[in-house]
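Treat the numbers as computed from the prediction; the structure is a model and nothing was measured. Both counts, for ligands and for their atoms, begin at 1 and track the order of listing. Numbers here simply count residues along the sequence, with the first being 1.
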Amino acid sequence: MRNFNSSRTLFNKALAVIPGGVNSPVRAFRAVGGDPLFIERAKGPKIYDADGNSYIDYVLSWGPMILGHAHPKVTAALKKAVDKGTSYGAPTSLETELAELVLKAYPSMDKVRMVNSGTEATMSAIRLARGFTGRDKIIKFEGCYHGHADGLLVKAGSGATTFGVPDSPGVPKSYAKNTITLPFNDVRALKETIRKEWRSIACVITEPVVGNIGCVLPRPGFLDALRELTTKHGIVLIFDEVMTGFRVSFGGAQARYGIRPDMTCLGKVIGGGLPVGAYGGKKEIMKMVSPEGPVYQAGTLSGNPLAMTAGIETIRELSKTGTFRKIEKKSVALEKGLVDAAKRAGAKTRFYRAGTMFCTYFTDKEVYNYATAKTSDTRKFSAFFSEMLQQGVNLAPSQFEAGFMSLAHSDRDIERTVQAAYKALKKI
Ligand code: KE4
């Protein structure tokens, strides 16, 4: 049995000064039980906890570390950049460079604004859509998580789903009333709502693949219907690709499914592990953003030179021919191995993958929205999670989160993960 004594000591210290001992709820292991691991360092596919235990890591900081942890190119560039100072509060060419890389990969966007988190990106995109249309309401889908801006904590996924708190206290009713929440993949409900309410709807925001209830794929025709209905009624279609961006494919879910949203939110991978979010879209919308236009949005550290450096190096490496394909092939190998291990172990699981992100549900039902994801046996998931941790594999500490692959995971790492999964599934 692995010992986690140092993590436990560090957790108790943290509990005295930080709410729940963590700076983001899902890290607290509340959904899987036990105390969270305190991580000391990471390299390639591995993370190392305070007790010196090593783990093959599929959380990868919730998506960003697609090249693996501490990639030499990213680390070297950051070391050089830090000697030039850490923040100027003035424009730098680095911001233009990352913006150009992003626009090249996401041709649906004419312009993009850098912010510091996915939350800021979606919050700003929604304000812009409201400013552009003059309408107040928004549509989101059950289980989708777009960060913790007030109007979005209405049946949010991710942490809120894990905690089963569909609406967070502190969100004024006046905010929540402008947010319409529909079931994902339900074209009929979407059509019905837009037919009735389109005059007051500014935007529809969606995760095109829902990573915040695990990994839920759009059914054939759903995203097309979304695009058609929003175009027809002058509603801004926002793809929240904070997680799916550079993950479902290099060009995100919009490239994979061939849909051109009006606006896109990005984050995670484009920061290479440093705090970056971004929102962008068609020029007629983006020209309304301050200081060019009247819709205000700002940020002290937006476009921070260190964050831009990490993002530029990460996207540059990822854009090299064949690199994304390599990571996707590793994801396919993991999928094959885990599905086969579940069969051999006689376990009732469903595995879903979109590019380099994936999820194993402990249910034998098809998972295509929030309600069906919730049929998963979270007790079984928790037992599986703990078993895998004991065997040195770090999965997301919640059934309702996605797993991620990196360029650094070797065939051996994947084989070991599959063997661990078979043993864990036999045992629980
Ligand atoms: P941040 O504010 O956490 O950078 O991004 C919010 C966000 C927005 N949109 C999508 C699709 C997201 O997945 C996220 C954040 N994802 C979670 C993981 N499910 C971050 C992990 C956490 O909350 O600690």
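- Between the side chains of T356 and R247, at least one donor-acceptor pair of N or O atoms lies under 3.5 Å.
- Between F246 and F324, the gap from one ring centroid to the other reaches at least 6.0 Å.
- Enclosure of atom CZ in R2 by more than 12 non-hydrogen atoms of other residues, nucleotides or ligands within 6.0 angstrom is indicated.
- Ligand-side atoms of ligand 1 in range of G147: 6 (C), 7 (C), 8 (C), range being under 4.0 angstrom from any heavy atom.
- For ligand 1, the atoms closer than 4.0 angstrom to any heavy atom of S117 are 2 (O), 4 (O).
- Near E401, meaning under 4.0 Å from any of its heavy atoms, are these atoms of ligand 1: 18 (C), 19 (N).
- Under 3.5 Å, the side chains of Q254 and S108 contain a donor-acceptor pair of N or O atoms.
- In this structure, R256 pairs ionically with E328, as a charged nitrogen and a carboxylate oxygen lie closer than 4.0 Å.
- At a heavy-atom distance under 4.0 Å, only side-chain atoms of N212, from C-beta outward, approach ligand 1.
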Side chains of residues 68-78: which donor-acceptor pairs under 3.5 Å do they make with residues two or more places apart or in other chains?
residue : atom : partner : partner atom : Å
H69     : NE2  : D57     : OD2          : 2.7
H71     : ND1  : K73     : N            : 3.1
K73     : NZ   : E317    : OE2          : 3.0
T75     : OG1  : H71     : O            : 3.0

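- Looking at K268 against ligand 1, only its side chain comes within 4.0 Å, counting heavy atoms.
- At least one N/O-N/O distance between G118 and ligand 1 falls below 3.5 Å.
- Where the criterion is an N or O separation shorter than 3.5 Å, residue side chain and backbone included, D240 meets it with respect to ligand 1.
- Contact annotation for E207 and ligand 1: only side-chain heavy atoms (C-beta onward) come within less than 4.0 Å of the ligand.
- Atoms of ligand 1 lying under 4.0 Å from at least one heavy atom of S24, given by number and element, are 22 (C), 23 (O), 24 (O).
- With ligand atoms numbered from 1 in the order given, ligand 1 contributes 13 (O), 19 (N) to contacts under 4.0 Å with heavy atoms of M243.
- For atom 2 (O) of ligand 1, the candidate residues are T122, V210, T119; the nearest heavy-atom contact is made by T119.
- In terms of the side-chain hydrogen bond (donor to acceptor under 3.5 Å, both in side chains) criterion, residue partners of Q297 (sequence neighbours excluded) are, by chain and number, R113, Y279.
- Between V26 and ligand 1 there is a heavy-atom distance shorter than 4.0 Å.
- Residue R416 qualifies as open at atom CZ: its count of foreign heavy atoms under 6.0 Å is 12 or below.
- Ring pair F222/F184: centre-to-centre distance below 6.0 Å.
- Remark: R350 fails to qualify as a cation-pi partner of Y361 under the 6.0 Å distance and 45° angle criteria applied to the six-membered ring.
- Residue contacts with ligand 1, taken as heavy atom pairs separated by less than 4.0 Å, do not involve H148 at all.
- Distances between N or O atoms of W62 and those of ligand 1 include no value under 3.5 Å.
- Of the listed residues (E241, H146, M123), the one carrying the non-hydrogen atom nearest atom 8 (C) of ligand 1 is H146.
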